[in-house]
Amino acid sequence: MYAVTVTRDFVAQHWLTVPDPGPEGDLHSHHLTVEVQVEGGQLGEYGYLVDIDDLKTVVDGLVDRYRDATLNDLPEFEGRNPSVEHFSRLFAERVADGIETDRLDAVEVTTWEADAAAASYATTV
């Protein structure tokens, strides 16, 4: 299985909407690191799983959407607690939809909310 990974850093805001969230229930920022890994078993004609520039373009477009945003205010989080787990799933699904190749088998997104705390979501393509 081949894998290609792109990593980006940005800041986004949110507040948790669960019962008794403590201080996380107030608006606050996180310096997020998003690690996007795509996987597949076959390379294309030129020895690429995916054109890394195409992957970067898709990831950068998503980062632009979320950079400096308040996640709670975005339609994709309506009715959802804007947890790092939900964020990773939404990001992974959008990457999978944005890459135009038939060679991918899976997309995994790991979102680091702090140096020692992250959540991942993997989906098959």
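On a predicted model such as this, the values are computed, not experimentally measured, just so you know. Start at 1 with the first residue, then count along the sequence.
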Considering residues at least two apart in sequence or located in another chain, which fulfil the side-chain contact (heavy atoms from CB on, under 4.5 Å) criterion with [X]?
| X | value |
| --- | --- |
| D60 | R8, K56 |
| A3 | Q37, E39 |
| D51 | D53, D54 |
| S29 | V11, Q13 |

Q | Any pair counted as ring pair (Phe, Tyr, Trp, His ring centres under 6.0 Å), so long as it reaches residues 85-110, sequence neighbours left out | A | Y66-F87, F87-F91
Q: Any chance you could lay out the side-chain contact (heavy atoms from CB on, under 4.5 Å) test for L62 and V95, step after step, and finish with the verdict?
A: CA-CA 8 Å; L62 289 167; V95 169; 3.6 Å; yes
Q. With side chains defined as the heavy atoms from C-beta onward, is the minimum distance between L27 and W15 less than 4.5 Å?
A. yes
Q: Measure the shortest side-chain to side-chain distance between V34 and V63 over non-hydrogen atoms and say whether it is less than 4.5 angstrom.
A: no
Q: Only counting residues at least two apart or in another chain, list the ones meeting ring pair (Phe, Tyr, Trp, His ring centres under 6.0 Å) with H28.
A: H14, H30
Q: Determine, step by step, whether L32 and F10 satisfy the side-chain contact (heavy atoms from CB on, under 4.5 Å) criterion, reporting the C-alpha distance in whole Å, the side-chain angles of both residues, the deciding distance to 0.1 Å, and the verdict.
A: CA-CA 5 Å; L32 301 174; F10 59 99; 3.8 Å; yes
What are the two closest heavy atoms between [X] and [Y], and how far apart are they?
| X | Y | answer |
| --- | --- | --- |
| V38 | L49 | O-CD2, 3.6 Å |
| V58 | G98 | CG2-O, 3.4 Å |
| A92 | V107 | O-CG1, 3.8 Å |
| A69 | L74 | CB-CD1, 4.3 Å |

Q) Is V84 linked to L16 within one hydrophobic cluster, defined over Ile, Leu, Val, Met, Phe, Trp and Tyr using a side-chain heavy-atom separation of less than 4.5 Å? A) no
(Q) Applying side-chain contact (heavy atoms from CB on, under 4.5 Å) to V4 and I52, what does each step give before you reach the verdict? (A) CA-CA 8 Å; V4 176; I52 199 162; 3.9 Å; yes
Can you list the residues that meet the side-chain hydrogen bond (donor to acceptor under 3.5 Å, both in side chains) rule with [X], with sequence neighbours excluded?
| X | result |
| --- | --- |
| E85 | S83 |
| T17 | N81 |
| R103 | none |
| D64 | R67 |

Q) Of I99, T7, V109, T5, which meets side-chain contact (heavy atoms from CB on, under 4.5 Å) against V36? A) V109
Q | Nearest-0.5 Å distance, CZ of residue R94 to CD of residue E76 | A | 4.5 Å
Q) Apart from Y48 itself, which Ile, Leu, Val, Met, Phe, Trp or Tyr residues share its cluster (side-chain heavy atoms under 4.5 Å, direct or through members)? A) Y46
**Q.** Crowding at CD, E24 (>12 non-hydrogen neighbours, <6.0 Å)
**A.** yes
Per-pair distances, 0.1 Å, donor-acceptor, side chain in residues 111-123, under 3.5 Å, sequence neighbours excluded:
unit_1, atom_1, unit_2, atom_2, d
T111, OG1, S88, OG, 2.8
S120, OG, T110, OG1, 2.6

